[in-house]
Structures are given as structure tokens and as C-alpha cells.
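Here is how names work: the chains are called A, B, and so on, in the same order as the sequence lines, proteins then strands, and each is numbered from 1.
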Amino acid sequence: MNNFVTIRNLTFKRRNRIIFDDVNFDIPKGKITAIMGPSGSGKTTLLKLIGGQLYPQIGTVEVDHQNVHKLSRNKLYQLRRKMGLLFQRGALFTNISVFDNVAFPIREHTNLNEAMIRDLVLMKLEFVGLRNAHQLMPSQLSGGMERRVALARAIALDPQMIMYDEPFTGQDPISMGVLVKLIKELNDSLETTSIIVSHDVAEASSIADYIYLIANGKVIGQGTPEELNKTKSPHVMQFLKGLPDGPVPFHYPGKTLEDDLQLL
Amino acid sequence: MMNNNRRLEILVGLFMIAGFVAFAFLAIKVSGLTTLNNSDTYQVFADFTNIGDLKVRAPVTVAGVTIGRVSSIILDPKTYEARVTLEIENNTKNIPTDSTANIFTAGLLGSNYISITPGFSDVFLKSGDTIENTNQAMILQNIVGQLMYNLNKKE
Amino acid sequence: MIEKIRQLGEKGLDFCESFGYSGMILIRSIIRKPDLKHGFRGLVEQLYNEGILSLIIIMVSALFIGMVLGLQGYNILEKFGTTQALGQLIALSIARELGPVVTALLFAGRAGSALTAEIGLMKATEQLSCMEMMAVDPLHRVIAPRFWAGFISMPVLATIFSAIAIYGGYLVGVKWLGVDSGAFWSNMQATVDFRIDVVNGIIKSFVFGFVATWIAVFQGYNCVPTSEGISRATTRSVVYSSLSVLGLDFILTALMVGGW
């Protein structure tokens, strides 16, 4: 199989709470894979497991045919240069300018001179449409612009894989459209493997080649967007259509209303 | 960007210089470091029956001028006398061998120091020599006690 | 009762654990081959943030503490008719104790709390985690320069503090209250020993700088990444470093004076 990321029998617990229970994922090379699920279903955790920031209790995570959690520190850091992660809130370095933010990974990992760094950074900023904002500080940017700068930074070293953590959350329709376009373009032009973690069904399914649906630590559905739309599984239906009640109950589990009000 | 870097570096440099200036001030003006330089001193010994409250680093003076410091005090196990090592500055070479070393107190309650009263010999003390004539420290309690004893006797 | 003892034991274990963990963090951040390309620049930046930005508060406090000491000392010494000893009183108390200790307390309040808050905020906004994902160790890039800058700037600040405080005492004692200038300085020089008073004071300030910065960066790095967590960590950073400075001051003084 031509997978960039292969996850097998992954179990991850945090303080006795099971977040993943024996799940498998295959992320094909050069495709956009969306991982969707309700809030709190451990989507961000999954990205951190792939990036080697968290360690699973059971199971293996292989990125580019290397077991992430068996690597030495140096090897792991080398592997991470092939990945970019776009954080949920951008995570720009607030004390340096937009330009320096994008230049940061280039300065860290290459020995290019300042003139070349400048060209590279301006090209990356041009791609996200913020070349003229390169002197601004992160605090002067809007939420959507922040995320675009963070994207420029994540692709600064042309990684083979980019992980997007909730890229559409809290964005107005215009910036959402811009981000969808950028992700699609990146994937098309550079054949970058993309993982999008999201709960915005419409946007994610519009660009994803393959979708995993997770809930309660399990994969409850997978397939191309068309296949998923045809499934009859009530779980999948509820999530994709956004129904308030269904297998995921509207009420927090516990006593029934009748018991609580002592009606009989 | 580049200018900002330079400004930062200059400020930090100035900060470091300010630290050194303050250090020099503490060393020279506050602790008077220049008065004692270990390299150009020579050692002379003196034995005292009682050194009273004499401490290491107490000044050694001639006619009230500081010419050195006490560098160590040990008890001679045979004679039960205190053997005091004096570090004398090299520019005071001409202390006669028959000089007398006294332990005095600065003011009524001040700290003790050694005062050397020059003798008349033509031979001067060399490094490693011992001053033979010494007077022990005046201990205030002893003096007061003697005074009381004498006063009582007269009555 | 048993429950109380159990809680005490739990607290003790927690303390040991975080002490060991913070030591590990420190060792991992400062033991490595120096990186001249990025290291120098980061250090200069942090020296500015921690040293120069603390300079104003240090200088103003030093001047006032020196002046108050001059005034108080004069009033007490006047009763014994030994106002000439004002110089040594001021110089000894500042060079030995007040210089290093007050500087360390002010440093913990000014630079230490800012460090904790800054690192905590970087953690809360995922900047540290992001750096890690970019294959850059935040311990090297964020913690190490801040630690070294604190360790270097604290003795410099303490020396400047001592010099200015003694000058403040001189202003009040000599210029205002009329103590003889010659007696002021010569009495001071006769009693203050360079090795025992000045150098020991500087050694103290190195130790305080080490401890205060260590606590500050660790509290920031280890804080709960929420706004409440950061504010708690900042408070803890100031409280812990102030207490450690005072406690260590006693131990160091005992070692230096008591000749342990």
C-alpha cells in the first residue's frame, strides 16, 4: 500500500479515559484525508500521536515507514521536518513579526543567507496572499489571516505532509473559502499528503478524498464522501446531517427527568 | 530590523559595562583593594604571649601608617605562644631587627592592630625573620582589674 | 489523622517529583553543545528583557535603600558619637546582604514573573508545542537563553545595586548630614574586605540568579496552559523564588561567616 501514515491497533488513554480504542487508519500519499468527529473525540490527540508528541499505550504509528514512537530524539526531529502541523489557533510566535515567523523554520534548519530567506519567505506569503503584511506583528492580524500566516510557516520547508487541526473553526465564510482553496491548491500542486481534522462537514467533504468518522474512540464510518453519504448507519447519518438527537444522545447521560423530578 | 538588532546589542553592551564599572567601584572605592597586593609583600613573624582580640587581616602599622596586614595566627605547640605572620609591603624594607611589635586597640572599643615601634639597629628585617621584642595585647579587663586592686590597696 | 499524614506524604512526594522534573528540564536545556548561530542572538535579546528592563527598578530602589540606611545609621551612630563609622555600616550591610538579597527579590518580582508569564503564554497558545513540531526543541530555543540571561544579569544587577546604594548612603551621610567625607570612605575601606565582603556578595547573587531564574522558567514551562494556570504559576514563581532566596541567603551566610 502506498500509505504515508499507517496506524494500527492504536489505543490511547488519558487518566483512565479511553480516547482511542484499537483503531486503524491509513493515510494515502498525496491525497487529502479528513478525520471528522464530534468535539472531544480526540482528533487533536490523533495529530499529536502522529507527530510523536504523545505516546500510545498500545499500537503503532508509522510515518513514511518509520515507527514514530520507536525513533531516537534526533531521528524523530528529522522525521518532523517532513511534516507540517497547522495548529487550531495558529500558534504564531507573538513576539516576532509575520516575516520572522515564516522565516523561523528556514533559519533553524537551513544555512541559507538572508537574501535567499527573504525570497523564500515572500514567496510563501505570496501563496497565502499576505506578502504585503510581512511587517505586521501577529497581534495586528485577524483570525483568518493568522491561520494563513501559520499555513505559510507550516509549508516553509515544503513538507511532504501537512496536518490541519480544525482549520475552519471560527472562520467567517470568506476566510473559510480561502482556506479550502489553499489546502486544495497545496495538495494539487505539490502532491502534499494532507490530513484535515475537522467537524465542519460541508467544507471537509468538499475537498477530502477519503473520510474517517470517529466517535467514542472508535472509527464509526469511513469512505469517500459519496460513499459516506449513502450509508445507512444512524451514527454517520446523525453526524453528517447534524441531527440533534440520535445515537449520540441530546441529554447528558444519567438519571431520567422523571426520576429527577420525582414524578410517578 | 538590522538597526533594532544593533540597538539591542549596544544596550546590552552598555549594561555589561555598567556592571563592570560598579564592580570596580566596589573593589577600589569601597573595599580599598589597591592597598594590599599579595605579589609585592614579604613575611615576618612575631610571637606574642597574648594576642587579645587580634584577627587575621588586621593592619600592621608603623607610626600609624599601614604598611601591611596580619596574614595568619597559629598557636606554637611548644611555647604556647601565638605565632603571628605579618605581610609587610615591599616598599617598607627598612625595619630594624630590634624593633618592637605591640598589639594596640583602635579607640577604646575598636578592633586590634599591630603597631611596630622601630629600633636602632642597622640590620633590617628580611623575609622569614622573627621580631624578637613583642608586647602582648592590653586587655581592658586586666587593666581595669589592676586599677581596682591598686585603688583598694591605697584605701 | 492517618489521612493527614497521608496527605503530607503525598505533598512530599509531589515536591520531590517536581523538583526532580525541574532539574531534568534544566539539565536538558543547558547541557548541549552551544549553538553560536542562534544562541548569541537569543541571549542578547533575553539579556535586554531581563537585565536592562529590570535596571530602572533596581537603580531607584538601590538609591532609596542606601539613603534610608544612611539616615537610620546616622541617627543610631550619633547616640554613640561614632558617626564616622557610617561608611562601614552602610557598605557592609549592602555589600554582604542587602545588595544580593534585595536585588534578587526585585528580580524575581520584575523579571521572574515576566518570564513565567511569557513562557506560560507561549505554552497556552501552543507556541512551544508548535516549535516542537517544527523539529526545534523549545528547551533549547526558549528556556536555555532565558535561563542563561537571568544567571548572567542577576550578578550584574546586584553589583550595580550595591554601588548605587552605597552612593545613596554617601549622599545622605556626607552631603546632607555632614559626616566627614574622608572618614566615611577610609573607615569603609579599612573594614570592607574585597574577598570576604564584595566577592562573597557576588557569589550570593550568582546563586540567587540561578535559583530565581530556574524557578521562573520551570513554573512557566510546567504551568497549566489556561489563563488561570498562568496567573497561578506567576504567583507561585514569585513566592517560591523569594522564599528560596531568603532561605538560601541564610545557608550561604552561615557557610561564609560561620566557616562551616
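When each of A/Lys48, A/Gln88, A/Arg81, A/Arg73 is checked for heavy-atom pairs under 4.5 Å with chain C, A/Arg73 comes out on top. Ranked by non-hydrogen atom pairs under 4.5 Å with chain A, the options C/Leu121, C/Leu128, C/Asp137 are led by C/Asp137. Ranked by heavy-atom pairs under 4.5 Å with chain A, the list C/Glu126, C/Met122, C/Gln127 is led by C/Gln127.
Neither the backbone nor the side chain of A/Leu79 comes within contact range of chain C, judged by heavy atoms closer than 4.5 Å.
Ring geometry for C/Phe151 versus C/Trp148: interplanar angle over 60°, hence perpendicular rather than tilted (30 to 60°).
Open room surrounds CZ on A/Arg118; 12 or fewer heavy atoms of other groups in view lie less than 6.0 Å from it.
A salt bridge links C/Arg141 to A/Glu108: one of the charged nitrogens lies within less than 4.0 Å of a carboxylate oxygen.
Stacking of C/Arg146 on the aromatic ring of C/Tyr221 is not recorded, the 6.0 Å distance cut-off and the 45° axial limit not both being met.
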